[in-house]
Amino acid sequence: MERKIDIVFDSTKANNEICFQIASGYISETTILFEKESVVALIHAKGRVEFYDMKEELLAKGELPCVESGKGVYEEVCCKAEGDTIVLRFPIYEWIDNYPHCDGEHDRWDTRTIGYHTLTFDTESKTVK
């Protein structure tokens with residue numbers, strides 16, 4: 001695999017879902033290697049996810065609904081492997097404006113998770129749901 005791996009997810013050690021920040025600025029792609037499954041997920045902050053094998057051959061791709069609020073991108077992903085399925089959950093945020101009770105832009109906005117967009121990849125059938 002020549003592609004740079006940003007995060008390694010070891011499902012043999014991770015019994016629970018683990019959440020990661022993803023690149024959502026100037027660089028807007030994050031790669032997660034699912035080590036046991038030998039699958040790489042390439043996540044684009046705007047909501048496209050591509051799954052590759054270790055030879056960098058595209059296995060499947062999926063799209064998430066567009067983010068309409070805040071920065072207009074996804075900023076976090078929660079990963080889990082359940083049997084033959086890789087589960088990616090992307091938080092849906094409600095943005096809370098703290099104005100005028102803030103000291104500036106650094107504390108102007110807060111978020112609250114109100115749900116998730118879920119995308120699954122079946123490692124046997126190589127399909128996205």
Side chain to side chain donor-acceptor pair (under 3.5 Å) between Asn98 and Asp107, intermediate numbers included | CA-CA 7 Å; Asn98 294 314; Asp107 65 344; over 6 Å; no
Short side-chain donor-acceptor distance under 3.5 Å, Tyr52 and Glu50 | yes
Identify the two heavy atoms, one from Ile22 and one from Glu76, that lie closest to each other, and give their separation to 0.1 Å.
-> CG1-N, 3.7 Å
Heavy atoms, side chains only, cut-off 4.5 Å: are Ile86 and Thr120 in contact?
-> no
Start with the C-alpha distance between Val87 and Thr85, add both sets of side-chain angles, then the distance that settles side-chain contact (heavy atoms from CB on, under 4.5 Å), and finish with yes or no.
-> CA-CA 6 Å; Val87 180; Thr85 304; 4.0 Å; yes
Going by atom types alone, do Thr30 and Asp6 pair a side-chain donor with an acceptor below 3.5 Å?
-> no
Take Cys19 and Cys79 through the test disulfide (SG to SG under 2.5 Å) and record every step on the way to the result.
-> CA-CA 6 Å; Cys19 298; Cys79 302; over 6 Å; no
More than 12 heavy atoms from other groups under 6.0 Å of CD1 on Ile27 = no
Evaluate the side-chain proximity of Asp110 to Arg112: yes if any heavy-atom separation is below 4.5 Å, no if none is.
-> no
Is there a side-chain contact between Thr31 and Ile5 (heavy atoms, below 4.5 Å)?
-> yes
Side chains of Leu33 and Phe9: does their closest heavy-atom pair fall under 4.5 Å?
-> no
Check the hydrophobic clustering (I, L, V, M, F, W, Y; side-chain heavy atoms under 4.5 Å; chains of links allowed) and say if Val49 and Tyr116 are grouped together.
-> no
Check whether the side chains of Ser11 and Glu37 place a donor and an acceptor atom closer than 3.5 Å, and report yes or no.
-> yes
Using a cut-off of 6.0 Å, state whether more than 12 heavy atoms not belonging to Lys126 lie near its atom NZ.
-> yes
Calculate, to the nearest 0.5 Å, the distance between atoms CZ and CD1 belonging to Phe20 and Ile43 respectively.
-> 9.5 Å
What distance separates Glu63 CD from Arg48 CZ, expressed to the nearest 0.5 Å?
-> 6.5 Å
Transitively linked via ILVMFWY side-chain contacts under 4.5 Å: Val128 with Phe34?
-> yes
Verdict with reasoning, Thr118 to Leu88, per side-chain contact (heavy atoms from CB on, under 4.5 Å) = CA-CA 6 Å; Thr118 302; Leu88 302 177; over 6 Å; no
Do the side chains of Arg89 and Val77 get nearer than 4.5 Å, heavy atoms only?
-> no
Rounded to the nearest 0.5 Å, how far does CG of Leu59 lie from OG of Ser38?
-> 10.5 Å
Could you state the interatomic distance from CD1 (Ile7) to CD1 (Ile18), rounded to the nearest 0.5 Å?
-> 10.0 Å
Does the pair Arg108/Asp97 count as a salt bridge with the N-to-O cut at 4.0 Å?
-> yes
For Tyr93, check ring-ring contact (aromatic ring centres under 6.0 Å, His included) against everything at least two apart and list the hits.
-> none
Are any of the side-chain heavy atoms of Val40 and Met54 separated by less than 4.5 Å?
-> yes
Between Phe90 and Ile92, is any pair of side-chain heavy atoms under 4.5 Å apart?
-> no
Lys129/Leu119 under side-chain contact (heavy atoms from CB on, under 4.5 Å): CA gap, chis, key distance, verdict = CA-CA 6 Å; Lys129 295 180 187 174; Leu119 190 137; over 6 Å; no
Report yes if the side chains of His117 and Pro65 come closer than 4.5 Å at any heavy-atom pair, otherwise no.
-> yes
Parallel, tilted or perpendicular: which fits the ring planes of Phe121 and Phe51, with parallel below 30° and perpendicular above 60°?
-> parallel
